[in-house]
Novice: 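Just passing along the structure, written as structure tokens.
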Amino acid sequence: MNIKVYSLKLIVVLFTCFSVLGQENDVLIVATSTSCEAMCKANTSKKALLMNSVSVSANKSETTPTKKINESTGASAKEMVWIAGGEFTMGTNDYPDAKPIHKVKVNGFWMDEHEVTNAQFAAFVKATNYVTIAERPLNPKDYPGVPLDKLVPGSAVFVAPTSKVTLDNIQQWWQYVPGANWKHPTGPKSNIIGKDNYPVVQISYLDAQAYAKWAGKRLPTEAEWEFAARAGRSHTKYYWGKEFKPKGKWVANIFQGTFPNNNTAEDGFKGAAPVKSYAKNPYGMYDLEGNVWEWCNDLYHNDYYKTSSTDNPTGPKTSYDPEEPGVEKHVQRGGSFLCSDQYCIRYVAGARGKGETTSACNHLGFRCVKD
């Protein structure tokens, strides 16, 4: 099957077209047999999970010494951990865009020990009156042919199918939901009351960048992120070690069961987990694998590692994704609570994600660093 990946605009157009036709909940799916490894390689990021990959027709409507500081910014305190600089082996042979494996040196930096939380992001919004991309009105010029009453703010939300489905069509579990944003992660009927210590989600790269600037920080480079996640373990399959389930215990918040319809939540969580729910790594960092995808500052280029600097690389000058040429994307890392060993296995060490600059979804967040 020739799978195409589209931009956020198309998910809105398809959503509104389905609404106009009265078929948004009755889309005919054409199944094909595709291995999870092939799907992961064809669709390598949150972008692939977020955007529709269907063709619309008449029948078819993602040991270093440490020390801690408390960094006050606005209304909230940010716990950070010092990551001493060093050299490590970056990348993995598991995915084409993470090759070749290469040596990289990074300088020392401070890093948030966990993802930015709802409480922290709320303090930023309160102090600045910032409005996230998912909350902003849609420009009709960007969506020609779509009725004005359908152009409402919203974002992508994972909705589990009611029965087992094939893995070749992400529209079976991703929907554009009007009213979905960081305060209402899965739609207007949801909220974050009582979830101050959960990672904030429905955050685009631009939103994360705005928060980091306000906090006097920045987003991590891809190399810094991986260096912190590996924590001195450069040759392990997973960031936490060599075994998928050490001593029979789940050590990261990922998807268990049959993806995407049956999440058994053996690790205790069907969605995002509160920060610090799992043990910290040797560098003192939490949840650098699973839970929620995390934005990095680097632009995404599928062949960047072939020409990447080995000394504090900061990413390519231009973005390029052969699955969607012409769309600016940034790197995402770590996978999320939706990553499954049956489908998206990008919680493995060195794996990369990618996302369009203004896109958001309910398994995507971030953390910050400081020089």
Side-chain angles (χ1 to χ4, degrees), residues 41 44-47 62-66 80-112 205-206 208-209 212-213 216-239 281-283 285 288-289 293-335 346-357 366-371:
K41 290 186 177 181
T44 54
S45 69
K46 158 254 175 182
K47 186 71 176 182
E62 182 323 334
T63 308
T64 293
T66 62
M80 304 189 82
V81 173
W82 173 252
I83 307 295
E87 187 177 80
F88 75 109
T89 303
M90 185 173 181
T92 175
N93 286 323
D94 290 341
Y95 299 99
D97 67 344
K99 297 179 182 180
I101 295 175
H102 55 293
K103 293 285 187 179
V104 170
K105 174 186 175 182
V106 296
N107 294 336
F109 56 95
W110 295 97
M111 191 175 204
D112 291 344
Y205 171 83
L206 294 181
Q209 190 180 50
K213 183 178 180 180
K217 304 178 183 182
R218 59 178 174 83
L219 296 180
T221 66
E222 184 177 13
E224 289 171 335
W225 194 99
E226 185 171 331
F227 183 78
R230 287 188 179 275
R233 299 170 291 196
S234 294
H235 302 289
T236 57
K237 176 71 172 180
Y238 308 101
Y239 288 121
N281 76 6
Y283 284 4
M285 311 301 297
L288 282 165
E289 60 282 296
W293 282 99
E294 298 182 16
W295 286 109
C296 291
N297 194 60
D298 305 37
L299 287 167
Y300 173 84
H301 196 296
N302 68 310
D303 285 336
Y304 175 59
Y305 283 10
K306 294 179 181 179
T307 58
S308 170
S309 169
T310 59
D311 187 2
N312 292 289
T314 57
K317 293 182 178 179
T318 58
S319 170
Y320 180 72
D321 178 6
E323 293 180 316
E324 198 170 8
V327 176
E328 182 184 86
K329 299 183 180 182
H330 284 80
V331 173
Q332 299 165 349
R333 282 304 198 107
R346 292 185 180 272
Y347 47 78
V348 299
R352 310 172 75 201
K354 54 190 175 180
E356 190 269 325
T357 303
F366 70 107
R367 77 179 72 207
C368 300
V369 299
K370 187 179 179 69
D371 296 313

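These numbers were taken from a predicted model, which means no experiment stands behind them.
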Novice: Rounded to the nearest 0.5 Å, how far does CD of Gln332 lie from CG of Asp298?
Specialist: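 These two atoms lie 12.0 Å from each other.
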Novice: Measuring from Glu224:CD to Asp371:CG, what's the distance to the nearest 0.5 Å?
Specialist: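 Reported value, rounded in 0.5 Å steps: 7.0 Å.
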Novice: Between Phe88 and Ser234, which heavy-atom pair has the shortest distance, and what is it?
Specialist: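 Answer, listing the atom of Phe88 first, then Ser234: CB-OG, 3.9 Å.
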Novice: Specify the closest pair of heavy atoms between Tyr283 and Val81, including all atoms of both residues, with the distance to one decimal.
Specialist: O-CG1, 3.1 Å
Novice: Test your reading of the model: is there a side-chain donor-acceptor pair from Arg346 to the backbone of Ala351, 3.5 Å cut-off?
Specialist: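 Not confirmed, Arg346 side chain does not pair with Ala351 backbone.
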Novice: Indicate the atoms forming the closest heavy-atom contact of Val348 with Tyr95, along with that distance.
Specialist: CG2-CE1, 3.9 Å
Novice: As an exercise, state the distance from CD of Glu356 to NE2 of His330, rounded to the nearest 0.5 Å.
Specialist: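 Answer for the CD-NE2 pair, Glu356 versus His330, is 10.0 Å.
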Novice: Can a donor-acceptor pair be found, under 3.5 Å and without considering hydrogens, that links the side chain of Thr92 to the backbone of Ala98?
Specialist: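 The answer is no, because no donor-acceptor pair under 3.5 Å joins these two groups.
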Novice: Check whether any side-chain N or O of Asn297 sits under 3.5 Å from a backbone N or O of Leu219 as a donor-acceptor pair, and report yes or no.
Specialist: no
Novice: Does any N or O in the side chain of Asn312 come within less than 3.5 Å of the main-chain N or O of Asn107, such that one atom is a donor and the other an acceptor?
Specialist: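 Indeed, once roles are kept as given, a pair shorter than 3.5 Å links the two residues.
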Novice: Determine the interplanar angle of the Tyr320 and His301 rings, folded into 0 to 90°, and report it as parallel if under 30°, tilted if 30 to 60°, perpendicular if over 60°.
Specialist: tilted
Novice: Looking only at heavy atoms, which two atoms of Tyr238 and Tyr347 are closest? And how far apart?
Specialist: CE2-CE1, 3.9 Å
Novice: Step by step, would you call Leu299 with Lys317 a side chain to side chain contact (heavy atoms under 4.5 Å, CB included)?
Specialist: CA-CA 7 Å; Leu299 287 167; Lys317 293 182 178 179; 6.0 Å; no
Novice: Roughly how far, to the nearest 0.5 Å, is CD of Glu226 from CZ of Arg333?
Specialist: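 One gets 4.5 Å once the value is rounded to the nearest 0.5 Å.
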Novice: Would a 4.5 Å heavy-atom cut-off, applied to side chains only, mark Tyr300 and Glu222 as touching?
Specialist: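 Side-chain contact under 4.5 Å: no.
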Novice: Enter the distance from Met285:CE to Arg230:CZ here, rounded to the nearest 0.5 Å.
Specialist: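 So the gap between those two atoms works out to 15.5 Å.
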Novice: Would you verify whether the NZ or CZ of Arg352 falls within 45 degrees of the ring axis of Tyr304 while also being under 6.0 Å from that six-membered ring's centre?
Specialist: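 No, Arg352 does not lie over the aromatic ring of Tyr304.
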Novice: If only atom types and distance count, is the side chain of Asn281 paired as donor or acceptor with the main-chain N or O of Ala228 below 3.5 Å?
Specialist: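 Answer holds: yes.
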Novice: Would you say Lys329's side chain and Ser319's backbone share a donor-acceptor pair under 3.5 angstrom?
Specialist: no
Novice: Quick one: CD on Glu87 to OG1 on Thr310, what's the gap to the nearest 0.5 Å?
Specialist: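 Here the rounded value is 8.0 Å.
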Novice: Within a radius of less than 6.0 Å around NZ of Lys105, do more than 12 heavy atoms belonging to other residues, nucleotides or ligands occur?
Specialist: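 12 or below, so no.
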Novice: With a 4.5 Å cut-off on side-chain heavy atoms, are Lys217 and Trp110 touching?
Specialist: no
Novice: Using the side chain to side chain donor-acceptor pair (under 3.5 Å) criterion, which residues pair with Thr89? Sequence neighbours excluded.
Specialist: Lys103
Novice: Taking all heavy atoms of Met80 and all of Cys368, pick out the closest pair and write down the distance.
Specialist: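 Looks like CE-O, 4.0 Å.
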Novice: What I'd like to find out is whether the side chain of Asn93 reaches to under 4.5 Å of the side chain of Lys99, using heavy atoms alone.
Specialist: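 When only atoms from C-beta onward are counted, Lys99 and Asn93 do touch, with a gap below 4.5 Å.
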Novice: Any side-chain heavy atom of Trp225 within less than 4.5 Å of one from Glu294?
Specialist: yes
Novice: For Val104 versus His102, what's the shortest heavy-atom pair and its separation?
Specialist: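 So the minimum-distance heavy-atom pair works out to CG2-CD2, 3.4 Å.
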Novice: Thinking salt bridges, do Lys354 and Glu324 make one under a 4.0 Å N-O criterion?
Specialist: no
Novice: Among all residues two or more places apart in sequence or in another chain, which pass the side chain to side chain donor-acceptor pair (under 3.5 Å) test with Asp311?
Specialist: none
Novice: Give the intermediate values and the outcome of side chain to side chain contact (heavy atoms under 4.5 Å, CB included) for residues Phe227 and Met90.
Specialist: CA-CA 8 Å; Phe227 183 78; Met90 185 173 181; over 6 Å; no
